[in-house]
Peer 1: 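Mind looking over this structure? Questions follow.
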Amino acid sequence: GHFEEAKAFMEQIDFHVFKELLIEIAFDHEAETSYLFVAYLLQQTERAAYHDLAYLLMAQPLCHLQRAYFTAYKHAKRAIELTDYTDTLLLENLLFLHGVPDQVVSDEEAADVAQQIVKVEPSHRVANEWLKVYKKGTAYQKFLVFYTLYSIHFCVCFAVFFVVTFTNNLTIFYYHTAHHWVWRYSA
């Protein structure tokens with residue numbers, strides 16, 4: 001009964017607003033109910049946006065659950081499949097999962113994903129930089145900060161600005177504004 005009510009509410013508001021609300025609820029209550037609701041939606045209608053939301057819930061607010069990152073991976077992969085591997089934001093989710101403690105995505109798969117991102121968007125700075133570092137053989141170590149910064153958005157719900165400087169002079173500027181990620185790299 002409650003899922004039907006929640007679905008009716010969801011259909012009355014903008015999906016992005018609903019997504020933010022559901023993620024906030026999951027952070028506040030750390031309960032699986034938010035994820036179970038998205039699974040309910042997926043049973044009724046499979047959409048990439050629902051899989052992406054399920055990914056976000058499992059990769060961030062519910063990542064403490066057993067095998068959460070593996071569940072997130074399953075949803076990220078399916079969202080990508082449903083968009084024919086053309087949505088770079090969805091593809092970036094797999095790059096994020098490359099850096100989680102559970103080692104969900106191998107270096108090789110992450111490299112394939114980065115190459116697919118560049119194929120779709122040749123000037124994609126994150127993917128190009130990832131590939132450049134990967135070819136040097138140090139992708140995991142240097143991009144661990146990338147994944148940490150990426151996840152901060154989900155742990156801190158207000159605009160943040162970070163500057164991180166590495167010993168090799170690679171600098172990442174990160175900030176979040178109006179649901180848009182901006183990454184800048186300089187060597």
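Predicted, not measured: the structure shown is a model, and the values here were computed from it.
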Peer 1: Taking the side chain as C-beta and beyond, is there a heavy-atom pair between Ile13 and Leu21 under 4.5 Å?
Peer 2: yes

Peer 1: Tell me yes or no: between the side chains of Gln103 and His98, is some donor less than 3.5 Å from an acceptor?
Peer 2: no

Peer 1: With salt bridge (Lys or Arg N to Asp or Glu O under 4.0 Å) as the criterion, how do Lys132 and Glu129 come out once you've worked through the C-alpha distance, each side chain's angles and the decisive distance to 0.1 Å?
Peer 2: CA-CA 5 Å; Lys132 184 172 106 178; Glu129 188 66 27; 3.6 Å; yes

Peer 1: Under 30°, 30 to 60°, or over 60°: which ring-plane class applies to Phe15 and Phe18, parallel, tilted or perpendicular?
Peer 2: tilted

Peer 1: Is there a donor-acceptor contact under 3.5 Å from the side chain of Asp102 to the main chain of Val104?
Peer 2: no

Peer 1: Donor-acceptor check, side chain of Asn128 to backbone of His124, threshold 3.5 angstrom: yes or no?
Peer 2: yes

Peer 1: Using a strict 4.0 Å threshold on nitrogen-to-oxygen distance, state whether Lys19 and Asp14 make a salt bridge.
Peer 2: no

Peer 1: Apply side chain to side chain contact (heavy atoms under 4.5 Å, CB included) to the pair Glu32 and Phe37, showing each step before the final yes or no.
Peer 2: CA-CA 9 Å; Glu32 298 172 18; Phe37 175 65; over 6 Å; no

Peer 1: I need the Ser106 OG to Leu97 CG distance, nearest 0.5 Å.
Peer 2: 12.0 Å

Peer 1: Could you see if Leu41 belongs to whatever hydrophobic cluster contains Ile25? Use Ile, Leu, Val, Met, Phe, Trp, Tyr and a side-chain cutoff under 4.5 Å.
Peer 2: no

Peer 1: Side chains of Tyr50 and Glu46: is there a donor and an acceptor less than 3.5 Å apart?
Peer 2: no

Peer 1: Looking only at non-hydrogen atoms, find the nearest pair between Leu62 and Ala31 and report the distance.
Peer 2: CD2-O, 3.3 Å

Peer 1: Would a 4.5 Å heavy-atom cut-off, applied to side chains only, mark Leu82 and Arg47 as touching?
Peer 2: no

Peer 1: Once rounded to the nearest 0.5 Å, what's the spacing between atom CD1 of Ile117 and atom OG1 of Thr88?
Peer 2: 6.5 Å

Peer 1: I'd like to know if Arg78 and Glu81 make a salt bridge, using a cut-off of under 4.0 Å between side-chain N and carboxylate O.
Peer 2: yes

Peer 1: Say you draw a straight line from OG1 of Thr71 to CG of Leu65; how long is it, rounded to the nearest 0.5 Å?
Peer 2: 8.5 Å

Peer 1: Atom CG in Asn93, atom NZ in Lys77: separation rounded to 0.5 Å?
Peer 2: 12.0 Å

Peer 1: With a 4.5 Å cut-off on side-chain heavy atoms, are Leu36 and Phe3 touching?
Peer 2: yes

Peer 1: Could you report the tightest heavy-atom contact between Ala59 and Tyr69, atom names first, then the distance?
Peer 2: O-CE2, 3.5 Å

Peer 1: Under 4.5 Å between any side-chain heavy atoms of Tyr85 and Lys119, yes or no?
Peer 2: no

Peer 1: Quick one: CH2 on Trp130 to CG on Asp107, what's the gap to the nearest 0.5 Å?
Peer 2: 5.5 Å

Peer 1: Would you say Leu95 and Val105 make side-chain contact, with heavy atoms under 4.5 Å?
Peer 2: no

Peer 1: Just verifying a value: how many Å separate Leu53 CG and Met10 CE, rounded to the nearest 0.5 Å?
Peer 2: 9.5 Å

Peer 1: Hey, does Tyr73 have a side-chain heavy atom less than 4.5 Å from the side chain of Glu109?
Peer 2: yes

Peer 1: Could you tell me if the ring centre of Tyr35 sits under 6.0 Å from that of His75?
Peer 2: yes

Peer 1: With respect to Gln116, which candidate in Val113, Val120, Asp112, Val118 satisfies the side chain to side chain contact (heavy atoms under 4.5 Å, CB included) definition?
Peer 2: Val120

Peer 1: So which heavy atom on Ala111 is nearest to which on Leu131, and how close?
Peer 2: O-CD2, 3.7 Å

Peer 1: Might you point out which heavy atoms bring Ala48 and Leu90 nearest each other, and give the distance in Å?
Peer 2: CB-CD1, 4.4 Å

Peer 1: With the side chain counted from C-beta on, respond yes when Lys74 and Tyr55 share a heavy-atom pair under 4.5 Å apart, and no when they do not.
Peer 2: no

Peer 1: Is there side-chain contact between Lys7 and Gln44, with at least one heavy-atom pair below 4.5 Å?
Peer 2: yes

Peer 1: Do you know the tightest heavy-atom contact between Ala26 and Leu57?
Peer 2: CB-CD2, 3.6 Å

Peer 1: Counting only heavy atoms not in His64, do more than 12 fall under 6.0 Å of its NE2?
Peer 2: yes

